[in-house]
Amino acid sequence: MPTASPQPENQTLAELCGRGRPRRVILRLFQEGTVRGLLVGCAMFSILITTLIIGILAYETARFLQEVSVVDFLTGLEWNPLLGADRHFGIWPLIVGTLLVTLVAAVFALPIGLVTAIFLSEYAPPWLRAILKPILEVLAGIPTVVYGFFALIVITPALQGLGRLVTGENTFGAYSAGAAGIAVGIMILPIVTSLSEDAIRAVPKGLRDGAFALGSTKFDTSVKVVVPAALSGIMASYLLAITRAVGETMIVALAAGGLAQMTVLPWEQVQTMTAYMVQIFLGDAPATGVEYKSSFAVAGVLFLMTFLLTFAGYRILLRFREEYE
Amino acid sequence: MNDARPNSNHFQKLIDRGVPRTSAARVRIDRAFSIICLGITLIAVLALALLLASILIEGFPGLSWSFIERYASRIPEQAGIKAPLFGSIWVASICAIVALPVGVATAVYLEEFAAKNRVTNFLRINISNLAGVPSIVYGILGLTLFVRMFGLFGPIQNPAFEIGGETFAIYYDSTGEPLRVPVTSRNETPSLTTGSIGYIQDVLDGPDGELIFTNNWTPIPLTIVNGDTKFTPAYGVISAVDVVEPIDYEIQKPWYYVQFPFGQTVLAGGLTLMLVVLPVVIISSQEALRSVPRSLRAGSMAMGATRLQTVFRVTLPASIPMIMTGAILAMSRAIGEAAPILVLGVALFITDVPQSLMDAFTVLPMQIYNWTSRPQEEFRALAATGIIVLLVVLLAFNAIAVLIRQKFSRPLQ
Amino acid sequence: MQLGRRIVTTAGIAAMTTALLGAGGTQDLRRLRGSITIDGSSTVYPITEAIAESFKKAAPNVKVTVGVSGTGGGFKRFAANEIEISDASRPIKGSESKACLEAGVEYIEIPVAYDGLTIVVNKGNYWADSMTVEDLKKIFLSDSAPKTWNAVRPEWPDRAIKIYSPGTDSGTFDYFKEVVAGKKGTIRSDMSVSEDDNVLVRGVAGDEGAIGFFGAAYYFENKESLKAVSIRNNAGNDVLPSATTIEDGSYNPFSRPLFIYVKARSARKPYVRAFVEFYLKNAASAAREVGYVGLPDAIYQRASKAFQAGRTGSSYLDENGKKKTGPITDLYK
């Protein structure tokens, strides 16, 4: 029996077993295998989730499309499934509704978010940053029902008052895409700000120093050098924020309205895809009616939209990371 | 004009375009811009201030201990938030217990073990995609997977498998008192004759005049009487027609009772929220692991540890503060989610706190949604008070996160 | 089990429990324990909720949960054996009855109150104080579907009409459709539809040109923010819904009875019996409390007797499952 004992890691398993190495080594290697297996299993769990989502949505959409023609669904311009015999299942009013609310939210949040990010990273003194950043974090952590409450109780009356002031008539009703859109905008503001800020901070100091050396002001540097350099990160943040806005449910369910119509006027009611799904699921309809199945079909379209948006954002983010690493 | 010296032409073009040449003008623009920036940034602060102010103004007057102790009621002054509060706590706990291990394990795998190949890339894309999926879609997944279980185990009312519970057939004797007869399953119909043993619940008189239903069931021999003969109603005396078939079946559920399919229960809700929260936990754990400096890992490997040992004895402990922070923030997200719970089909008028994993439940955001959608003024105040409770709970969670971060943060060289 | 034997059984227990309840009073209600799930019409919901809350005080150990899936949704769940009692703002349809019987669910029909389906407009609507059924037909039917108020009556202003309506699962919608559209007509499709009456209230209260309809209880609860339109009845008078006009029938054609349907099998459970009897005893006062109108005492007596006897089936359907129409005092025996 050899007396010298080299470290176990420097030998192959065969050698170890052959030499009758202490049990704990084999045990450790066995542990390693199991633990690795567990870890891989957990990672695969996420793939399982995606597969299940796609599978379930596809299956239920197929069942829905047995009763409603695909052409009707994808090209129809009227959506009123709760009307009994005279109903239509064209999805475009719901998509337009979702996009309108998202547009209002984007118009509000994207410019403000970017400017806020520029301010926080380029201009703000550290004490101001220490105050403002937590405020933004608080905004990010507020549940969406609270924003829904805010939209209904504060924003809607405010818009109604504003509408009366500007046009002399009651343009804004009890539900409007604008009210919901602004609330969604406030909700996604922290996303835009923090991700844009990350992108801007990632721009190497050298670029800024070079610009200052050439005599630019801070304004010149920020707007003409830093932002263009961080553009892909900013774009990624925009896409992520828009994805979040598209998928938003509670705010629109409370404040956007229940009338699925094709309109681009923010003072009109709209029904978004998510609000429609809430309407169906709140009604607790059994699993056999075509209205119930339509909810899954709408969910499928919604999933597709957010998937494409997230995928685009991911690609842009990847490109942006590669540029600086 | 072609000029050999680019400068003057260049500046001329800039001036023609309206770009100021003098430093003074540009400094002015710079200063103006910084003020505009500040102003716009303050919009975000203003929005938050408005939000909190409106909630506090509407909701603060209604805040009281009895609000937290009472159950829902149609009369706004008597309504309370006890059931949703406890429901939220139950559901968030289940979500945390399941999401944390799976999420951290996935992050560990991705950061420490996985090779940089296409499969791993695919995993990463997948996870970031899952992070962007709207929560209502997770609700649909939870509904099909956890509540209904694809219909594989039968309808919700008649679960195919029940573990841990004792099944009883219920009969009502002539006094209207329920009698229990143990059976093996819901499909069994016991044949009862005079002398068969039924169990009757011990009911005590409470101090305030209320009745206390104990968990003791006393055996009592049954007396079956033919339907037409007259008799005085007494405990255990049942008319013959009433024993042909039990009125109902009941399951005694201890806290560990499980039924398949899960149905609209706390367990299903917690697992659904786990789905929502998992991508966030994974991504934040990944960040946490990345923040551990390479030197630590290298040192550990140099000492002869395997990768596994390094991860579990060095890297993971070093990143625990950040992981805990991320986890707690993910739990905050879970508590605030209403859409997935809504899809699961939770009833709104729940008057009891969950006692076991398989009890019905409701959560704070659902109750707030319900109150907000009612147009009466009193419910608006009620919704605001509910929101205050919700925000306080979230604040507590975030405070814990900050505390953990501060307490366990050791400077990593 | 044949119907005959079942009636004997329930009658048997009924006799004994009633005797007991009569003798014991509240003490016995306290001993009752169990859970009752109720679902269905949002119109009937306020009454059922009120009764459930008072019942909980008398029998604190009986858990009652009430949902609002709409009359149609309630019947679907009822036929699927998911609930004990179904709230309905219209009588059960032939197809629904068939579905129940095919699933082996027998039901006992119990009328509980009168409702005056109220047409409401925004508080700022100064022009429409009263309407005829013809006006409503013009507004709601799909062949006319006017966009502005002056297209309905030229003396009305040129304001946009915004409609808030319950959806197809709602008995209120079914009833309204029957009166306004009849068998052949179709209702227009560009309406803001919601099963949640609160959403409708908020919508009408917030839109100046809005019009909507729901059960009278929701109008009375939100009187400060809504305006009820008086309807020209058969006699040519413009009548507003109120307790008196609904009860004496002058508010027509929109007065209608509200029902609950109880699973006959559940009626064998003492706590369900106690609840239904409590309901019948207190329906009139609960109805009044929420803004509906109680039925004449005679109807409640008939209902109680029918429940005791365990009589299943609907008085609104004939042997072939076709609908019968007429006032409840005539039809419900």
Side-chain angles (χ1 to χ4, degrees), chain A residues 7 9 32 35-36 38-40 42-43 45-47 49-50 52-53 56 112 115-116 118-120 123 132 135-136 138-139 141 143-146 148-150 152-154 186 189 193 217-220 240 243 247 249-250 254 274 277-278 281-282 284 296 299 302-303 306-307 309-311 314, chain B residues 26-27 29-30 33-34 37-38 40-41 43-45 47-48 50-51 54-55 58 102 105-106 108-110 113 123 125-130 132-137 140-141 144-145 275 278 282 304 306 308 332 336-339 342-343 345 365 368-369 372-373 380 383-384 387 390 394 398:
Chain A
Q7 289 300 315
E9 281 71 35
E32 239 175 86
V35 176
R36 280 184 113 117
L38 271 171
L39 292 179
V40 174
C42 285
F45 186 60
S46 58
I47 299 200
I49 298 180
T50 310
L52 278 174
I53 294 180
I56 293 174
I112 296 183
V115 171
T116 309
I118 295 177
F119 179 77
L120 279 177
Y123 283 89
L132 290 175
I135 291 184
L136 280 167
V138 171
L139 265 181
T144 53
V145 237
V146 180
F149 175 86
F150 188 58
L152 209 51
I153 305 295
V154 177
I186 303 178
L189 191 60
T193 308
T217 58
K218 244 191 181 164
F219 167 69
D220 291 327
L240 245 60
T243 311
T249 308
M250 303 315 291
L254 280 170
T274 44
M277 287 161 64
V278 166
F281 284 117
L282 259 188
D284 213 358
F296 287 89
L302 179 67
F303 179 73
T306 53
F307 176 75
L309 283 168
T310 316
F311 192 67
Y314 183 78
Chain B
R26 288 164 68 210
V27 167
I29 292 181
D30 185 37
F33 183 69
S34 65
C37 269
L38 177 65
I40 293 185
T41 306
I43 292 182
V45 180
L48 180 64
L50 257 175
L51 183 69
S54 65
I55 291 171
E58 286 277 355
V102 177
T106 310
V108 163
Y109 174 72
L110 279 176
F113 289 99
L123 255 175
I125 298 182
N126 187 42
I127 291 173
S128 77
N129 176 44
L130 282 178
V133 171
S135 55
I136 197 169
V137 176
I140 292 183
L141 180 56
T144 315
L145 180 60
L275 295 174
L278 193 62
I282 294 178
T306 61
L308 203 67
S332 316
E337 284 289 341
L342 201 149
V343 173
I368 295 173
Y369 172 77
T372 310
S373 65
R380 185 197 315 179
I387 292 179
L390 178 61
L394 290 176
N398 281 317

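Below, chain A is the first sequence line, B the second, and so on; all start at residue 1.
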Under 4.5 Å from any heavy atom of chain B, what part of A:Thr249 do you find: side chain, backbone, both or neither? side chain
Quick one: does A:Val145's side chain get under 4.5 Å of B:Thr372's, heavy atoms only? no
Contacting moiety of B:Leu390, where chain A heavy atoms sit under 4.5 Å: side chain
Pair count under 4.5 Å, heavy atoms only, with chain A: among B:Val108, B:Leu50, B:Leu141, highest is B:Leu141
Any residue meeting side chain to side chain donor-acceptor pair (under 3.5 Å) with A:Thr144, in chain and number order, not counting sequence neighbours: none
Is chain B contacted by the side chain of A:Thr310, its backbone, both, or neither, given a heavy-atom distance below 4.5 Å? side chain
Contact class of B:Ile43 relative to chain A, heavy atoms under 4.5 angstrom: side chain
Checking side-chain contact (heavy atoms from CB on, under 4.5 Å) for the pair B:Thr41/A:Thr193: CA distance, chi angles, key distance, verdict? CA-CA 10 Å; B:Thr41 306; A:Thr193 308; over 6 Å; no
Is it the side chain or the backbone of A:Phe149 that comes within 4.5 Å of chain B heavy atoms, both, or neither? both
What residue, out of A:Thr274, A:Leu52, A:Leu309, has the most heavy-atom pairs lying under 4.5 Å from chain B? A:Leu52
Does any backbone or side-chain atom of A:Leu136 lie under 4.5 Å from a heavy atom of chain B? Answer side chain, backbone, both or neither. side chain
So for B:Ile387, is it side chain, backbone, both, or neither that comes closer than 4.5 Å to the heavy atoms of chain A? side chain
Using non-hydrogen atoms only, which part of A:Ile186 is less than 4.5 Å away from chain B: side chain, backbone, both, or neither? side chain
Residue A:Ile135 versus chain B: region with a heavy atom under 4.5 Å: both
What option among B:Val45, B:Val343, B:Val137, B:Ile55 has the most heavy-atom pairs under 4.5 Å with chain A? B:Val343
Side chain / backbone / both / neither for A:Ile112 at chain B, heavy atoms under 4.5 Å: both
I want to check something: taking the side chain as every heavy atom from C-beta on, are B:Ile368 and A:Val146 in contact at a cut-off of under 4.5 Å? no
Can you name the nearest heavy-atom pair linking B:Ala338 to A:Met250, along with the distance? CB-CE, 3.7 Å
Against chain B, label A:Leu152 side chain, backbone, both or neither, depending on which of its atoms sit under 4.5 Å from a heavy atom there. side chain
Answer key: most heavy-atom pairs under 4.5 Å with chain A among B:Asn129, B:Val102, B:Thr106 is B:Asn129
Using non-hydrogen atoms only, which part of B:Phe33 is less than 4.5 Å away from chain A: side chain, backbone, both, or neither? side chain
Please name the pair of heavy atoms, one in A:Phe119 and one in B:Cys37, separated by the smallest distance, quoted to 0.1 Å. CD1-CB, 3.5 Å
Can you tell me how far CZ of B:Arg380 sits from CD1 of A:Ile153, rounded to the nearest 0.5 angstrom? 4.5 Å
Below 4.5 Å from any heavy atom of chain B, which atoms of A:Tyr123 appear? Answer side chain, backbone, both or neither. side chain
Bottom line for A:Leu132: the part with an atom under 4.5 Å from chain B's heavy atoms is side chain
Looking at B:Thr144, B:Ile125, B:Val27, which one has more heavy-atom pairs under 4.5 Å with chain A than the rest? B:Ile125
Counting only non-hydrogen atoms closer than 4.5 Å, does B:Leu48 touch chain A with its backbone (N, CA, C, O), its side chain (CB onward), both, or neither? both
Turns out that what part of A:Ile56 lies under 4.5 Å from chain B's heavy atoms comes down to side chain
Residues in side chain to side chain donor-acceptor pair (under 3.5 Å) with B:Asn398, at least two apart? none
Per-residue contact mode, B:Ser332 against chain A (heavy atom under 4.5 angstrom): neither
Against chain A, label B:Ile127 side chain, backbone, both or neither, depending on which of its atoms sit under 4.5 Å from a heavy atom there. side chain
For the residue pair A:Ser46 and B:Leu123, what are the closest heavy atoms and their distance? OG-CD2, 3.5 Å
For chain B, which candidate among A:Val154, A:Val278, A:Leu189 shows the most heavy-atom pairs at distances under 4.5 Å? A:Val278
Which of the residues B:Ile140, B:Val133, B:Leu394 is involved in the greatest number of heavy-atom pairs with chain A at under 4.5 angstrom? B:Ile140
